[in-house]
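Notes follow once the structure below has been shown.
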Number of protein chains: 2
Amino acid sequence: MLASGRGDAYCGYRFREHGLRILLIEDDAVLGEAVRDYVAGLGHAVDWMQTLDDGRTAARTVDYDLVLLDLRLPDGRGLALLTELRRAGAVTPVIILTAHDQISDRIEGLNSGADDYLVKPFNLGELGARMLAVARRYAASSLPVLEAGRLSIRLADRRVLRDGEPVDLSGREWAVLARLANRPDAIVSKGEIEEALYAFGSEIESNTVEVYVSRLRKKLGKDCVETLRGIGYRLGR
Amino acid sequence: MLASGRGDAYCGYRFREHGLRILLIEDDAVLGEAVRDYVAGLGHAVDWMQTLDDGRTAARTVDYDLVLLDLRLPDGRGLALLTELRRAGAVTPVIILTAHDQISDRIEGLNSGADDYLVKPFNLGELGARMLAVARRYAASSLPVLEAGRLSIRLADRRVLRDGEPVDLSGREWAVLARLANRPDAIVSKGEIEEALYAFGSEIESNTVEVYVSRLRKKLGKDCVETLRGIGYRLGR
DNA sequence: GACAAGCTGACAGTCGGCTGAACGGCGCCG
DNA sequence: CGGCGCCGTTCAGCCGACTGTCAGCTTGTC
């Protein structure tokens, strides 16, 4: 699968850094939810399955761009699914999630065709970084750069330039911007941004989104984000 | 991923004298351990695999800088792996380890694309020397000099200049810097740096990476390394 | 004008990261 | 052999960035 990168077979393969279809197979409710929300916040579409069976079905049905696979599942070993997929010729990149005491699993996982692994408990930011790395490995080159007014937003390497000058953004700030930049021209509701920022359960009862929009504007300029009163926000132009 | 298709910013081959990622494929426990410890002591990160299968997986997945390959393995001949790699277009230097009675293997090995060989039992110092020699041979093929702010990082000869002045770095310090310099613009998570430092299994639970980043900053200037809170580090601009 | 929706400055708590200091191992040198 | 210095690692305490919240203000709509 990793084989010769530019081979004809892969010519059509495109790895975008956002808007990916991602399959998450993880039985732990808390971790699963956290990962799902985080990854969704990066602008990807996440299907979260909690059993091996569901995961298998999903993987067979949908053409995912990336699979996040827990190795310890209630109804079987995740490794089995991985080998199965590879045997069936799937080239989809797979990142394995393991507990920290399962070194042998990790080796076996790489053996079975995984592209990378993460050791639990892991930092969500690190997950993002690994995903990017795997993405890079697959992407021929050319990072998507979004030009919006005086800004250029480089989703791939998490950078924003204003008039060519790099601007420092905090994690949340970037998350909000990325959520907007993910679909330029689209209107994103406050609720959607909130969902991208926080895990499902964590009820937030304040104007956090507004605050972050405000902070973004201070750093990036008034016009960087457009307000559509009563509807949501949109990336400025 | 020894294989060819290297999509991103790696231009050309790189060989440093410290902080290399080295793959050791050797089934003998005693010898393996000795070599691993010795090489790790030189400041490299060693992944030690005891079977051909694991070795193959590792070699395909990770970008090693050097492979130490025993030719007699429980589950097959090391030579097969070597030819396989070469056929896949891998340029990673390979040093072969053979018993003293396997002259034909040695010849065949060099024929198959090995860069050097060592006859068991060998002196660890000699191993070091061979590694250096191979390193030099590759370094000669001119590596890019990375310019990052006031720094120029010469991966080829393990040197860093700050405003043109050479700076002395210790082994680990260099390893961290090199890991970052390997992929300029990419965000490297703390875990990845740790991996580059300590190889697979050795779980380290302290802030070593932070310490080295701190020391690097002291020597190279505040801005040489950028912190992305909760995510990782990146080479300064 | 009245009301709703959105904006923003301020603030305190928290968490991650930074760094000085100390310790032990190792090699080098006298 | 003993002393010395460098290096790697650990630890603890400090520090600052980031965050969520709120109050009071502005803007927009009817």
Side-chain angles (χ1 to χ4, degrees), chain A residues 38 41 121-126 129 158 167-177 187-191 193-194 196-199 201-234 236, chain B residues 17-19 37-46 124-125 128 158 167-177 187-191 193-194 196-199 202-234 236:
Chain A
Y38 171 76
F122 50 82
N123 186 311
L124 286 178
E126 174 151 12
R158 200 192 175 281
V167 181
D168 280 337
L169 294 187
S170 81
R172 292 272 197 252
E173 285 162 4
W174 170 260
V176 172
L177 184 64
I187 300 172
V188 186
S189 79
K190 223 180 274 192
I193 299 180
E194 218 159 84
L197 284 182
Y198 305 101
S202 55
E203 314 264 333
I204 291 267
E205 305 181 9
S206 77
N207 59 345
T208 325
V209 174
E210 290 165 16
V211 170
Y212 279 105
V213 168
S214 167
R215 285 174 184 163
L216 274 179
R217 286 189 175 133
K218 197 189 285 184
K219 286 187 176 179
L220 301 175
K222 269 288 185 203
D223 301 331
C224 70
V225 178
E226 198 179 337
T227 301
L228 293 121
R229 203 184 164 84
I231 306 180
Y233 297 92
R234 174 166 59 186
Chain B
E17 274 153 40
H18 288 257
D37 292 342
Y38 171 74
V39 176
L42 294 177
H44 307 298
V46 187
L124 286 178
R158 195 193 174 277
V167 181
D168 278 338
L169 295 187
S170 80
R172 291 277 195 250
E173 285 164 3
W174 171 258
V176 171
L177 183 64
I187 299 169
V188 185
S189 78
K190 226 180 271 193
I193 299 180
E194 227 159 74
L197 246 36
Y198 307 102
S202 49
E203 316 269 335
I204 289 252
E205 305 192 3
S206 78
N207 60 345
T208 323
V209 174
E210 289 165 17
V211 171
Y212 281 106
V213 167
S214 168
R215 286 178 183 168
L216 274 178
R217 286 192 175 128
K218 200 187 283 184
K219 286 188 177 179
L220 301 175
K222 269 286 183 206
D223 300 332
C224 69
V225 179
E226 194 182 343
T227 301
L228 292 124
R229 193 164 228 264
I231 304 182
Y233 297 92
R234 170 163 61 187

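Letters A, B, ... are given to chains in the order of the sequence lines, protein chains preceding strands, and every chain is numbered from 1. Values below: every heavy atom of this structure, side chains too, minus hydrogens, waters and symmetry copies. Since the model is a prediction, treat every value here as computed from it, not as a measurement.
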The answer to which of B:Lys190 and A:Gly232 contacts DNA chain C further toward the 5' end, by nearest nucleotide, is A:Gly232
With nearest nucleotide decided by heavy atoms, which residue, B:Arg217 or A:Leu228, maps closer to the 5′ end of DNA chain C? A:Leu228
So, do [X] and [Y] sit near enough that their side-chain heavy atoms are less than 4.5 Å apart?
X	Y	value
A:Tyr233	A:Thr227	yes
B:Glu194	B:Thr208	no
B:Leu216	B:Leu169	yes
A:Arg215	A:Val211	yes

Show me the protein contacts with nucleotides 12-19 of chain D, counting only N or O atoms at under 3.5 Å.
{"unit_1": "D:dA12", "atom_1": "N6", "unit_2": "B:Asn207", "atom_2": "ND2", "d": "3.2"}
{"unit_1": "D:dG16", "atom_1": "N2", "unit_2": "B:Arg229", "atom_2": "NH2", "d": "2.9"}
{"unit_1": "D:dT19", "atom_1": "OP1", "unit_2": "A:Arg172", "atom_2": "N", "d": "3.0"}
{"unit_1": "D:dT19", "atom_1": "OP2", "unit_2": "A:Ser170", "atom_2": "OG", "d": "2.5"}
{"unit_1": "D:dT19", "atom_1": "O5'", "unit_2": "A:Tyr212", "atom_2": "OH", "d": "3.2"}

Can you name the closest pair of heavy atoms from A:Lys219 and A:Asp168 and give their distance? NZ-O, 3.0 Å
Roughly how far apart are [X] [atom1] and [Y] [atom2], rounded to 0.5 Å?
X	Y	atom1	atom2	answer
B:Lys218	B:Cys224	NZ	SG	12.5 Å
A:Ile231	A:Ile187	CD1	CD1	5.5 Å
B:Tyr212	B:Asn207	OH	CG	11.0 Å

Using a heavy-atom cut-off of 4.0 Å across all strands, would you classify A:Val211 as base, sugar-phosphate, or nothing? base
Which two nucleotides bound the region of DNA chain C that has atoms under 4.0 Å from heavy atoms of chain A, read 5' to 3'? C:dA4 to C:dA10
If we fit an axis to the first five pairs and another to the last five of the helix from C:dG1-D:dC30 to C:dG30-D:dC1, what angle do they make, to the nearest 10°? 30°
Can any side-chain N or O of A:Arg217 pair as donor or acceptor with the backbone N or O of A:Val225 at less than 3.5 Å? yes
Figure out the NZ/C1' separation between B:Lys218 and D:dC7, and round it to whole Å. 14 Å
